[in-house]
**Q** 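Mind looking over this structure? Questions follow.
Just so you know, residue 1 is the first one in the sequence shown, and it goes up from there. The figures that follow rest on heavy atoms only: side chains count, while hydrogens, waters and symmetry mates do not. Atoms within a ligand are numbered from 1 in the order they appear, just like the ligands themselves.
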Amino acid sequence: MTTPYPDRSRVDAYAKVRGAATYAADAQFADLVHAMTVPSPVAKGTLTALDTEAASRVPGVLRILTAADFAHAVPEGTHMGAPPPTLETRIAYLGQPLALVVAETLEGAIEAAEAVRPIIEEEPFAALMTSPGAVRENAEGMEAGDVEAAFAEARTIIEAEYHSPTQHHNPMEMVSTTAVWADGRLTIHEGTQNSGAVRSAVARLLRLDPAIVEVKSPTVGGAFGQKGWAQRQTAIVAHAAMLLGRPVKLVMPRAQVFHVATHRPHIVHRIRLGADASGRMVAIEHDAAQQNSRQGPFPPEYHEAAIRLYGIASYRGTAADVRTDVSNPAHMRAPYEHPAIFAMESAVDELAAALERDPVEFRMANDATHDPHTGQPYSSRFLNECFAEGASRFGWSSRSAAPGSMTAPDGTQIGWGVAGGVYPALVHPVIARLRIYADGRTRFSVAGHEFGQGIRTVLANVLLRELEVRDDQLEILIGDTTVARQHLTAGSWGSFSAAPAAAAAAQKMQAAVTELLDGRRIGGSLHQQLATVRRPFVEVEVTQFGPGQDAALLEQWQNYNFAVTGPAYPGFTAMSYIAHFVEVRVEPRTRRVRVPRVVSIADCGRVLSPRTAESQVRGGVIWGIGHALREATETDPRYGGYLNCDFADYVVAVNADIGEIDVGFIDRPDPLANSLGAKGLGEVAMVGVSAAVANAVFHATGRRIRELPIRIEHLL
Ligand code: MOS
């Protein structure tokens with residue numbers, strides 16, 4: 001816990017830049033066949049017939065799977081909600097797969113899929129939150145203190161409504177499944193953050209013994225919640241492979257990903273925020289209504305983090321699902337915190353402006369001493385240190401306070417904005433195995449998935465600091481149900497859960513080798529020591545729990561693949577924090593907004609891997625800028641579904657949108673969260689960025705934009 005970790009380069013960097021890292025769809029098989037789905041052309045109704053005559057005549061077509069092939073499937077009860085991720089005749093959203101064509105070639109599969117004619121009895125549908133037939137359903141909220149009394153005391157109150165749009169994940173790696181049925185075993189190659197749940201979902205849906213199902217996802221090309229559960233096509237492709245006895249591959253075209261994969265829902269936030277006569281924030285009401293599908297299980301939990309950003313004693317968070325006929329929304333990087341903090345940190349900025357307070361000084365004056373929800377102390381909290389360090393690096397002290405008061409010689413308006421971010425420190429139990437060989441190899445297997453965030457580099461950094469082993473023959477085995485029991489890698493708990501286990505396994509290994517040497521003094525690496533005593537290898541296993549966790553969670557994990565706890569632990573609450581400082585430049589004629597520089601300072605406890613941690617934050621900031629200025633999925637009110645389903649029309653931030661991003665860390669260990677003093681980082685990185693951009697736009701122009709993305713037309 002005591003000293004900073006060294007700046008190791010990514011352990012998979014060379015493999016990735018040489019194209020040697022293999023992704024799920026890279027898996028090669030001699031007798032592989034190809035699949036393509038037939039998407040529903042309507043948003044709601046019943047499929048009464050499928051005309052497959054023309055499709056069957058396409059050369060090389062092997063089989064067209066329909067709902068009839070899934071009569072045996074488990075109809076409900078998966079994490080995906082309804083409709084179940086198989087083929088069925090009830091149509092719940094535009095693009096829902098109605099059939100799967102399998103052919104010898106990809107071209108044949110595509111041609112035949114396009115030739116299938118579905119006959120559908122259509123029904124009226126609601127595409128938007130404001131459509132007739134959209135139904136508001138209140139969900140559980142969160143409350144602390146006495147909100148009415150606090151508002152009665154308040155002297156300055158801000159009330160406003162903020163909108164964050166529907167957004168779709170667009171990772172570089174396409175959504176895909178390759179399934180192999182051989183020797184009584186089903187092996188699924190799929191880019192996923194949850195190989196364990198893919199295994200149990202497929203087993204349940206197809207009524208198989210989980211023991212014959214394995215899932216492999218050693219490298220994922222971007223996963224931010226989209227790949228958290230079995231995907232829409234997984235069990236369908238697996239069933240096709242079993243029926244045909246040949247490996248089947250489906251790579252979902254990007255346009256279909258918009259319809260079948262999960263997304264971040266449209267959210268309407270209504271905020272009321274009050275400060276007392278001394279300028280202290282005393283009360284907040286935050287209602288978050290999200291668009292949901294009719295039966296989607298994604299709960300609107302927008303308050304858990306927001307309540308813990310500042311020391312606001314009285315908090316009332318209410319939430320609702322607005323039920324419509326769309327596909328299921330689900331987790332997308334900082335799914336609750338990012339949109340909730342956009343709204344809340346915009347409101348905090350509005351309040352600071354109303355009170356004529358400096359936005360940084362105002363935030364720092366409203367720091368928390370304890371968790372308002374539980375009354376517990378925080379394990380560590382260096383949010384104000386983030387603000388102070390960020391302000392100093394950014395040069396905040398030379399900011400001129402009045403909106404519109406900073407301009408470049410050509411008339412470009414300059415704005416400086418700030419916002420904080422917060423994310424719960426969540427932890428999952430893990431079981432890890434470490435094996436060191438006399439021949440120079442080291443293998444560490446644990447639950448975790450590598451989707452670019454750097455978990456392998458984190459684990460290598462921890463192991464190599466503890467153990468004298470060769471770094472060029474260290475294998476980190478993750479994302480594969482055959483190497484260790486897997487859990488969902490998400491919620492920023494991946495490295496946070498696995499890294500303390502790596503340290504514990506290393507210590508257990510040292511003890512095992514010491515015992516083996518039995519008092520003899522042998523120099524050199526652990527490999528050499530084992531060779532000297534003629535031991536081919538030594539293996540240790542550790543079971544690692546987070547604070548307050550015990551064996552009951554292992555059972556839960558076994559049965560449901562989900563056993564996360566936090567951020568409230570026995571005796572303390574653990575959160576990660578960040579402060580973002582953003583400069584925007586608004587061109588005087590075109591009103592185009594640019595972001596030439598950002599400074600982001602994070603408190604994630606001890607930084608376990610400086611290189612990948614910095615990348616994580618930079619990536620989060622880039623996505624936050626995209627969220628603030630570019631990304632939105634446009635819903636089609638005429639037919640349902642979405643309109644801008646490709647990279648030309650769904651605009652993400654690109655190189656030209658990004659200037660300088662200066663990332664820093666407080667890097668002070670958390671004394672309670674775990675043995676390494678680390679807290680999660682992946683998601684807090686993004687939280688608050690879009691508010692900081694909106695706040696900077698306000699400072700530049702005097703225009704408060706409460707709707708994302710901020711577009712040229714907002715500033716004309
Ligand atoms: Mo992330 S939304 O927890 O995969």
**Q** Counting only heavy atoms not in R485 (residues, nucleotides, ligands), do more than 12 fall under 6.0 Å from its CZ?
**A**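 More than 12 heavy atoms, drawn from other residues, nucleotides or ligands, come within 6.0 Å of this atom.
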**Q** Would you please classify the geometry between the Y642 ring and the H259 ring as parallel, tilted or perpendicular, with 30° and 60° separating the classes?
**A**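 Parallel: the ring planes of H259 and Y642 meet at under 30°.
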**Q** R199: which residues meet the salt bridge (charged side-chain N to carboxylate O under 4.0 Å, His left out) condition with it, sequence neighbours left out?
**A**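 Applying salt bridge (charged side-chain N to carboxylate O under 4.0 Å, His left out) to R199 gives E214.
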**Q** Does the plane of the ring in F224 sit parallel, tilted or perpendicular to the ring in W623? Use 30° and 60° as the thresholds.
**A**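 Perpendicular: the ring planes of F224 and W623 meet at over 60°.
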**Q** Would a line drawn from the ring center of F572 to the ring center of Y378 be shorter than 6.0 Å?
**A**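 No, they do not, as the ring centres are separated by 6.0 Å or more.
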**Q** Applying a heavy-atom distance cut-off of 4.0 Å, which protein residues contact ligand 1?
**A**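 Within 4.0 Å of ligand 1, the protein residues are Q193, F224, G225, H331, M332, R333, P335, A490, G491, E683.
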**Q** Nearest 0.5 Å, what's the SG-NZ distance between C604 and K679?
**A**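 It comes to 8.0 Å.
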